[in-house]
There are 2 protein chains.
Amino acid sequence: MVDYSTSIDVIFRALGEPTRLRMVQELSRGERTVGDLAAPLDMTLAGASKHVGVLEQAGLLTREKRGRERVCRLRSEALHAASEWTAKYSAFWNDRLDALEAAIREENDD
Amino acid sequence: MVDYSTSIDVIFRALGEPTRLRMVQELSRGERTVGDLAAPLDMTLAGASKHVGVLEQAGLLTREKRGRERVCRLRSEALHAASEWTAKYSAFWNDRLDALEAAIREENDD
DNA sequence: GCTATAATCAACCATAAGGTTTAGTATTTC
DNA sequence: GAAATACTAAACCTTATGGTTGATTATAGC
């Protein structure tokens, strides 16, 4: 059982590893087996499997058993949560400028 | 001199640490000295300073010397870059569904 | 000028993280 | 059913990370 209500820092930490970032990029092009993901990475299958586990824990992908393969599929929810979070905090500056302008206008009205 | 053209995984890694995530949230409310950031974290000033350094390296904030204090200010660019990235990859699934639907429609037209 | 304060630097320590190898479990294929 | 394939699990190793302390620098305040 996997927890899909991952906290945002776990998602960021998972994406903060270059290898895993590449995996996510690869998965955005379609579903991939663990072997597919390992192939271009110059890494053992066991190593890749561990990375996939981290991404799964972070809620970034699902792993489905299909025959002897495990098919990985990206989950948009976690990425969307990360997108929302960063969008919220990247907007802070504009908000501050807006507030500043408003304050200046108010001051001039006095 | 700080490199502001940080690669995306460095930004994610910086945000993947709970303490640093809290610092960013705190900074979104306004500029803060390193001491301000350290205070609520039950951590030495030296420790907080190191975290601030990581955030600065990732391009997430700037540190300005003002008297004997260092004033930290969030930089929206890095957060925006992260937002763009996650938005792009969180959209993958809808794109795939759209493509799938289009393919089905086309097939029905034959 | 002395003392206190804010922060960084350097050295160090414990634990986490990224990787490997070796085994082991299903599943496919012949 | 034997052999190959795809993967996971566990043990292990090395390095990175997150934290500390102690010393040092720069500024503020009396």
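All chains are named by letter (A, B, ...) in the order of the sequence lines, taking the proteins before the strands, and each is independently numbered beginning at 1.
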Could you give the [atom1]-to-[atom2] distance, from [X] to [N], as a whole number of Å?
X        : N       : atom1 : atom2 : result
Met43(B) : dT17(D) : CE    : P     : 16 Å
Leu41(A) : dG18(C) : CG    : P     : 14 Å
Arg13(A) : dT15(C) : CZ    : C1'   : 12 Å
Asp42(B) : dG18(D) : CG    : P     : 17 Å
Leu15(B) : dG18(D) : CG    : C1'   : 17 Å
Gln57(A) : dA17(C) : CD    : P     : 12 Å
Asp36(B) : dT5(C)  : CG    : P     : 16 Å
Glu69(B) : dA7(C)  : CD    : P     : 5 Å

* Can you check whether Arg70(B)'s main-chain N or O pairs, donor with acceptor, with Arg63(B)'s side chain at less than 3.5 Å? -> no
Distance check: side-chain N/O of [X] vs OP1/OP2 of [N], anything under 4.0 Å?
X        : N       : value
Ser49(B) : dA7(C)  : no
Arg20(B) : dG18(D) : yes
Arg63(A) : dT8(D)  : yes
Arg70(A) : dA26(C) : no
Thr33(A) : dC7(D)  : yes
Lys65(A) : dT27(C) : yes

* Of Arg66(A) and Val52(B), whose closest DNA chain C nucleotide lies nearer the 5' terminus? -> Val52(B)
* Structure fact -> Smallest heavy-atom separation, Ile11(A) atom then Ala78(A) atom, equals CD1-O, 3.7 Å
* **Arg66(A) bridged to Glu31(A) by N-O distance under 4.0 Å** => yes
Could you tell me whether the side chain of [Y] reaches within less than 4.5 Å of the side chain of [X], counting heavy atoms only?
X        : Y        : answer
Trp85(B) : Gln25(A) : yes
Arg20(B) : Leu15(B) : no
Leu37(B) : Glu26(B) : yes

So which nucleotide from [options] ends up closest to the side chain of [X]?
X        : options                  : result
Ala46(A) : dT8(C), dT27(D), dA9(D)  : dA9(D)
Arg68(A) : dA6(C), dT29(C), dT8(C)  : dT29(C)
His51(B) : dG18(D), dG18(C), dT8(D) : dG18(D)
Thr44(B) : dT20(D), dT8(D), dG18(C) : dT20(D)
Lys50(A) : dA11(D), dT27(C), dT8(D) : dA11(D)
Leu45(B) : dT20(C), dT21(D), dA7(C) : dA7(C)

* How is Gly35(B) classified with respect to the nucleic acid when contacts are heavy atoms under 4.0 Å: base, sugar-phosphate, or nothing? -> sugar-phosphate
